[in-house]
Each structure stands twice: as structure tokens, then as C-alpha cells.
A.B. asks: 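Handing you a structure now.
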Amino acid sequence: MKTGAQLLIDSLQAIGIEVLFGIPGGVVIPIFDVLYDADLKSVLMRHEQAAAHAADGYARASGKLGCCLATSGPGATNLVTGIATANFDSVPILAITGQVRRDLIGNDAFQEADITGITRGITKHNYLVRNAEDIPRIIREAAYVATTGRQGPVLVDIPVDVSTSQVEDVVPGEVKIPGYQPTIEGNQRQIERAAEAINAAERPVFYVGGGAIASNAAAEVKAFAEAAHLPVTTTLMGLGAFPEDHPQALRMLGMHGTPVANYAVMSSDLLIALGARFDDRITGKITEFAEHAKIIHIDIDPASIGKSVPVDLPVVGDAKQVLNELTPLVEYRERKEWFDQIAHWAENHKLSYQKNDKVKPQYVIEQLREVTNGDAIICTEVGQNQMWAAQWYGFKRPRQFISSGGLGTMGYGFPAAIGAQLACPDATVVDIAGDGSIQMNIQELATVARDNIPVKIAIMNNGFLGMVRQWQEHFYNRRYSHSSLNGNPDFARLAEAYGVLGITVDQPDQVRDALEKAMETDGPVVLDFHVDPNENVFPIVPPGERIDRMIDLA
Amino acid sequence: MKKHVISALVSNQVGVLSHVSGLFAARGYNIDSMNVGETEDPGISRMTIVLRGDDQIIEQVVKHLRKLINVLQVKDLSAAPYVERDLMLIKVATPPGRRGEVIDLVEIFRGKVVDISTRDMVIELSGPEAKIEAFISVCRPYGIKDVVRSGPIAAPRGAKDE
Ligand SMILES: Cc1ncc(C[n+]2csc(CCOP(=O)(O)OP(=O)(O)O)c2C)c(N)n1
Ligand SMILES: [Mg+2]
């Protein structure tokens with residue numbers, strides 16, 4: 001005989017969960033009781049939102065399923081932002097919540113929340129467990145659903161009396177879910193048509209999104225792009241799917257993309273989209289996006305195809321598999337005129353910033369790249385810090401850039417860095433933060449201090465909700481309503497209060513030393529860079545404008 | 001906007017209805033009606049959903065429904081010939097001396113009187129939407145006290161012999 005809680009932990013181990021992030025509470029004490037002496041690492045976080053983000057960072061860094069655990073009611077609702085973040089960016093996490101006793105469900109019991117109802121729209125699927133015997137099957141199904149097809153979060157809600165009830169040990173059978181059969185293999189005829197279109201194109205652009213990373217297809221992306229000789233642009237989520245120092249790389253497109261990427265897309269005659277979803281931050285004015293281009297869209301999620309733009313050639317399937325079939329069918333074509341034009345744009349419209357006597361955030365990130373040899377795992381918060389990180393670090397490999405793209409969740413980066421560090425203990429993990437965002441999960445300094453998790457936090461401290469300030473400057477007549485962060489703490493001293501090394505930098509010539517010192521430090525470090533408060537992210541495409549109409553005042 | 005009838009098989013589990021209706025709410029699709037009933041397999045229910053929209057919207061609806069894990073099969077019946085039936089219970093006032101007229105109408109429409117009192121009667125009528133609506137309008141002069149409709153259920157027509 002086993003308790004439901006024991007079955008749960010056994011099942012988590014059976015599906016390969018190695019670490020989980022959580023906070024205990026009334027209805028999950030039986031589960032934490034099993035964890036007390038189980039051979040499963042668990043990290044005590046200081047807020048459930050951070051637990052969900054840590055599971056998500058773990059999943060993005062490793063490609064494996066992340067797992068978090070929270071109590072009912074407020075514990076469960078605190079997970080919500082983290083689950084929504086993972087859902088938007090198609091990250092596989094398993095969120096386990098406690099629930100009140102079965103006979104109390106629906107009675108407004110203490111700490112009851114209808115979490116399966118609340119998360120219906122932000123999970124790929126969710127379950128309320130009614131019998132302990134079902135736990136092994138449900139956990140297996142949940143893991144299968146989360147990690148296959150278009151990946152995403154799955155929540156399993158377990159009433160406390162299910163966790164404590166004694167049942168026979170059960171071995172789950174094969175996963176059989178009749179309503180769930182993701183299409184993996186692309187249609188052969190469609191793939192042939194795509195190859196014909198690619199071979200005929202004069203001005204093709206390969207537009208790669210996060211789906212390429214989710215499908216572990218970076219090697220295939222490179223092989224295909226080289227075989228067909230295509231310029232490659234990636235979305236924010238696709239950063240690292242194609243090395244940014246590759247001669248065919250246009251780097252990131254969209255609102256804060258490189259001019260060359262945006263010009264190339266807008267002038268293309270064929271756009272090959274892979275695991276990308278034509279988000280409004282990418283397309284700008286949708287009716288004029290790539291208006292001369294025929295569009296091939298390869299995606300595992302049929303509902304993604306044709307959602308925002310009409311697609312000429314849809315291919316439903318897994319990125320890696322489709323590329324493996326497509327690559328042998330494409331021909332290398334020089335396309336000299338096209339590549340000359342691209343080189344011309346690249347040469348004349350480089351990303352740049354003006355130096356002055358202040359610390360420039362772009363400079364900090366350039367220096368960070370040098371000090372870490374371009375190898376660090378970079379997590380970000382949201383806002384200008386995120387865009388500077390995306391523009392200035394230079395990503396070489398997939399799973400190196402970890403950021404909340406779809407939901408844009410401030411407070412994501414630091415806990416995600418904790419998860420990434422646990423997934424990759426030997427890697428240097430840096431959270432490029434904003435002074436606003438970091439305060440949304442700063443309590444996790446206690447977690448990294450206690451467990452000596454050596455993440456480095458580099459705050460681009462501009463004293464503002466900088467991205468909001470920038471929009472107010474450009475689009476709201478410089479009416480800086482509620483965007484100043486007057487009242488910020490001294491972050492270095494705050495770090496010290498938690499027992500974490502804190503370093504303040506307010507001169508450009510201190511940047512390098514501070515970064516080196518941080519990287520040499522064995523434990524966590526907070527670097528508080530007092531950056532130029534007036535610095536903006538350029539180029540910027542005004543919302544709703546064509547993406548080749550960028551403002552660049554740098 | 002064209003009317004579409006979507007027929008979905010769903011596994012008969014708690015929460016499936018909220019998953020489906022939640023999808024419509026979250027994506028801002030307006031539905032005319034939704035009908036749920038068991039199939040010959042008690043583990044599986046059939047949902048018939050009627051909504052209006054252009055083809056692109058309907059295609060998205062179908063794709064999103066297919067993504068739901070508890071949804072086993074989705075068809076847009078309006079893409080091919082289909083039969084549709086709506087069931088109505090209507091309570092019509094029968095002013096003194098005019099009960100016979102109402103009964104005549106029930107006969108013309110092949111309905112059935114299922115309850116009768118001195119002042120009104122309840123009539124059962126089934127058929128395609130247009131017929132139901134026609135009946136409602138011919139009853140209107142007598143006074144309609146209540147209308148209860150199931151919303152359409154629908155099935156594809158059988159294959160035609162060539
Ligand atoms: C949870 C949350 N609340 C609000 C926002 C809206 N928002 C987007 S960027 C931004 C400013 C972020 O400020 P900071 O972290 O200091 O970054 P900066 O832009 O200054 O680099 C805000 C408030 C958001 N993205 N997430
Ligand atoms: Mg800021």
C-alpha cells in the first residue's frame with residue numbers, strides 16, 4: 001500500500017523529474033512529507049510565481065520538463081502568471097497544486113480556489129485528480145501532453161485526501177489519449193512544393209522562431225539555410241537557433257530588430273517561416289507585412305498557421321523532421337544580387353549607440369559578452385533591458401537566451417535564471433535585469449543565498465520603467481506619467497542584507513572590473529549598473545507601422 | 001455571415017464543457033447555440049455548435065477545438081449536405097373561441113399538442129430552424145407565453161448513389 005503522495009513522487013521520478021521548485025502549505029504537506037527523504041531535489045522558493053518561472057527556466061535551458069509545486073488557494077493562484085508565461089512561449093512545465101478535500105470542493109473551503117477553472121485558458125491541459133489510483137496515469141499523460149506537439153504547461157490539481165489515501169501501488173500502462181495526436185511528419189507533397197518555391201526564389205528570407213529551439217532543430221536550421229543559401233532572421237524567441245555571427249545571419253527582426261532583417265523581410269519574394277507565429281511585434285502593420293512575398297509556414301500547431309497572415313504553403317509538422325526532409329530537396333543558389341543588397345543594408349544600418357561619460361547599457365552587455373566569451377546563458381527581465389540583451393549579446397547556440405517573449409512578464413528573469421542554473425550547473429547564468437522588473441521577484445535573493453545558486457544579476461538601473469518612459473517620450477509627448485522609479489533601494493546593499501555580494505557601478509571604467517569580479521565569484525552576485533537614464537532602444541518601429549519604417553536616433 | 005454547424009465528439013469528462021465554451025469566450029467567438037448529448041458510447045458525447053462567421057474564423061475555431069485534449073473529433077457539417085433539427089416547446093395563449101385555429105396551425109406544421117389548459121397550450125414542434133421560426137410567427141397573434149428551444153442538432157446526409 002502507498003499513499004497518493006508517495007505515488008505522486010514515484011510517478012514524478014518515473015517520468016524523469018530531477019528537481020522541483022515549490023513552497024509548502026496545508027494541503028501539500030503530505031507531499032512535502034514524502035519529499036523529506038525522497039531522492040528528488042527540491043528547491044524552496046520564496047514566492048510561487050518564482051517557482052513556476054524557475055521550472056520554466058529549467059525547461060528552456062535543458063529542453064526537459066520543468067516542475068513546480070504549490071499549495072491550494074493563494075499558492076495556486078500565485079502560480080498563474082508563471083503558467084501563463086510558459087503557455088505563451090510553449091514551454092513544457094508540470095504544475096502540481098494541492099486542493100481542498102474532495103468533499104469540500106465547491107464549498108468555499110479555507111484556501112480553496114478553482115485552479116483548473118482559472119488555468120483553463122493558460123494551460124495546454126489540466127486535471128483534477130479524483131482518485132489516488134489515477135495519479136500514475138495522470139502524471140504520465142500530463143508529461144506526455146506537456147512535452148509533445150506544441151509544448152506547454154499542464155496543471156495537476158490534487159485534493160489533500162487523495163494525497164493521504166492509501167491505495168495499492170499501480171503501474172500505469174501506455175499513454176493513450178484518443179483526442180491528442182500531434183502531427184509530427186510534414187505532408188510529403190507540401191514539402192516538395194516548398195522546395196520548388198525555395199529553389200525558384202530570388203529574394204528568399206528564412207524566418208525562424210522559438211519552435212526551432214523547442215524542436216531541437218538548430219543543427220537542421222543551419223544545414224538547411226546553408227544548403228539553400230538563405231539569409232536567416234530570428235524572432236526574439238528564436239535567438240540562438242542560428243548563430244548570430246554566421247555570414248547569412250540577419251539577426252533579430254521586428255519592432256526592435258536589425259534594419260537589415262526588417263528591410264530584407266519587407267523586400268523578400270519568399271518568406272519561409274519556421275516555428276514562428278507572426279506576432280504583432282514582428283509584423284508591425286500586418287496588411288503590408290512582406291507584401292511581395294509568398295509565404296511558407298512550417299509549424300507543429302495547425303492553429304498557428306494562417307492565424308494572422310494568409311499562408312500560401314502550409315506545412316504542419318515538427319521543425320526538425322520537416323527540415324530533414326526538405327534539405328535534400330533544395331538547391332544551392334548564389335543569389336548574388338540579393339546578398340549584395342543585404343550586405344549593403346547591413347553595412348549602412350548597423351546597430352549603434354552614442355558613448356558619453358555615463359555607463360551605457362549596451363556597453364555593459366558588450367563587455368559582458370567579452371568577459372563570458374559569449375558563452376553565458378542570458379536570462380532577461382522585460383523592457384529595455386530585454387531588448388538590449390537581445391541586440392547586443394550575440395547568441396551562438398539554442399537555449400542560450402531565456403526571456404518571456406509572448407507574455408512579457410516582468411519578474412521572470414531572475415527565477416528563470418535559478419531554474420537554468422539548476423539545469424546547467426556548470427554554465428555561467430546571468431539575468432540581465434531592469435531596476436523595475438527585478439523588484440517583482442527580488443525575494444528570491446534568499447533562495448540563491450541559502451542554496452548558493454551562483455546566478456549573476458546585472459541590473460541596468462536607469463531609475464525608470466524605461467520602456468514605458470521611452471514610449472512616453474516618443475508617442476505621448478514626454479508626459480512621464482508613473483514611469484519614474486524614484487524610491488528604488490540601494491540594490492547592492494539590499495543584496496548584502498540577503499548575504500549576496502553586491503557591487504555598484506556608476507562609471508564606465510568600472511564596468512569591466514565589476515563584471516570580472518562577479519564572474520570570478522563562486523556564489524550569486526548582484527551588479528547594480530547605474531546606466532544613462534535617457535538611453536533608448538533603437539531602432540524602434542512605432543506600433544502598427546510598417547517594419548521598414550524604423551526610428552533610429554542612435 | 002454564413003451559418004456554420006460544427007459537430008464535435010468529446011470525451012465525457014468533468015470540465016469538458018467548460019473547456020469548449022471557455023475557448024469560444026476567450027477567443028471572442030459568438031455562438032448561436034450549443035447542444036450536448038450522449039452518443040451510443042456513454043463515454044463520448046456529441047456537441048453541436050451553431051455559429052456565424054467567415055470561413056477563416058470558422059477554420060480557426062475548428063483548429064482550436066481540435067487542439068483541446070478532450071475533444072476527439074471536429075467536423076464543420078455545413079461544408080457538405082446535412083440535416084438539421086431544432087426541437088421547440090412553445091406555450092401559446094388560446095383566447096376564448098380560438099383554440100381550434102391554433103390546433104389547425106399545429107396540424108399544418110405537423111406539431112403536437114402536449115399540454116392544454118383553459119387559457120393556453122403547450123406545443124411540441126421539431127424541424128429545421130426556418131420552420132420553427134415560421135411557426136413562432138404564425139402563433140404571435142394569439143400571444144406567446146414561453147419558448148423553449150433545444151438549439152439545432154445536425155447530422156451529415158448519407159452518401160448519394162452515383
Ligand atoms: C508584470 C508586468 N507589469 C507591467 C509590465 C509593463 N512593462 C513593460 S516594460 C516595463 C518597464 C520595465 O522596467 P524595468 O524593469 O526597469 O526595465 P527597463 O525598461 O527600464 O530596462 C513595464 C512596466 C510588464 N511587462 N509586466
Ligand atoms: Mg529600468
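Here the structure is a predicted model, which is why all the values come from computation and not from measurement. Protein chains get the first letters and strands the later ones, always in sequence-line order, with residue 1 at the start of each.
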A.B. asks: Quick check: are there more than 12 heavy atoms from other residues, nucleotides or ligands sitting under 6.0 Å from CZ of Arg52(B)?
C.D. replies: yes

A.B. asks: Run the numbers on Gln13(B) and Leu128(A) for side chain to side chain contact (heavy atoms under 4.5 Å, CB included), then give the verdict.
C.D. replies: CA-CA 11 Å; Gln13(B) 284 165 0; Leu128(A) 171 61; over 6 Å; no

A.B. asks: Check whether any side-chain heavy atom of His64(B) sits under 4.5 Å from a side-chain heavy atom of Asp301(A), and report yes or no.
C.D. replies: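 Side-chain contact under 4.5 Å: no.
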
A.B. asks: Taking the side chain as everything from C-beta on, heavy atoms only, tell me whether Ser18(B) gets closer than 4.5 Å to Arg120(A).
C.D. replies: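 Yes, close enough: below the 4.5 Å cut-off.
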
A.B. asks: Using a heavy-atom cutoff of under 4.5 Å, enumerate the residues of residues 83-104 of chain A that contact chain B, numbered in order, or state 'none'.
C.D. replies: none

A.B. asks: Can you name the residues that form a salt bridge (Lys or Arg N to Asp or Glu O under 4.0 Å) with Glu112(A), not counting sequence neighbours?
C.D. replies: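 Here no residue qualifies.
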
A.B. asks: What part of Leu68(B) lies closer than 4.5 angstrom to a heavy atom of chain A: side chain, backbone, both or neither?
C.D. replies: backbone

A.B. asks: Donor-acceptor pairs are to be reported for all side-chain atoms of residues 98-116 of chain B against protein atoms at under 3.5 Å, with residues two or more places apart or in another chain.
C.D. replies:
unit_1    : atom_1 : unit_2    : atom_2 : d
Arg98(B)  : NE     : Glu101(B) : OE1    : 3.3
Arg98(B)  : NE     : Glu101(B) : OE2    : 3.3
Arg98(B)  : NH2    : Glu101(B) : OE1    : 3.1
Arg99(B)  : NH2    : Ser117(B) : O      : 2.9
Glu101(B) : OE1    : Tyr142(B) : OH     : 2.8

A.B. asks: Which residues in residues 135-148 of chain A have any heavy atom lying under 4.5 Å from a heavy atom of chain B?
C.D. replies: Val145(A)

A.B. asks: Evaluate whether atom NZ of Lys2(B) has more than 12 neighbouring non-hydrogen atoms of other residues, nucleotides or ligands under 6.0 angstrom away.
C.D. replies: yes

A.B. asks: Take atom CD of Glu185(A) as the centre, draw a 6.0 Å sphere, and report whether it contains more than 12 heavy atoms from other residues, nucleotides or ligands.
C.D. replies: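 Counting neighbours around CD of Glu185(A), 12 or fewer heavy atoms of other residues, nucleotides or ligands fall under 6.0 Å, so no.
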
A.B. asks: To the nearest 0.5 Å, what is the distance between CD (Gln181(A)) and CG (Leu72(B))?
C.D. replies: 9.5 Å

A.B. asks: Is it the backbone or the side chain of Val14(B) that comes under 4.5 Å from a heavy atom of chain A, or both, or neither?
C.D. replies: side chain

A.B. asks: Which atom pair, heavy atoms only, marks the closest approach of Lys67(B) to Ala303(A)?
C.D. replies: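 Between these two residues, the closest heavy atoms are CD-CB, 3.8 Å.
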
A.B. asks: Name the option with the most non-hydrogen atom pairs under 4.5 Å to chain B; the candidates are Arg130(A), His125(A), Lys307(A).
C.D. replies: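 Between Arg130(A), His125(A), Lys307(A), the count favours His125(A).
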
A.B. asks: Donor-acceptor pair, Gln56(B) side chain versus Gly306(A) backbone, under 3.5 Å?
C.D. replies: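 The answer is yes, because a donor-acceptor pair under 3.5 Å joins these two groups.
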
A.B. asks: Name the region of Ser11(B), side chain, backbone, both or neither, that has any atom closer than 4.5 Å to a heavy atom of chain A.
C.D. replies: neither

A.B. asks: Side-chain contact, heavy-atom cut-off 4.5 Å: Ile305(A) with Lys63(B)?
C.D. replies: yes

A.B. asks: Is it the case that more than 12 heavy atoms not belonging to Lys75(B) sit under 6.0 Å from its NZ atom?
C.D. replies: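 Counting neighbours around NZ of Lys75(B), 12 or fewer heavy atoms of other residues, nucleotides or ligands fall under 6.0 Å, so no.
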
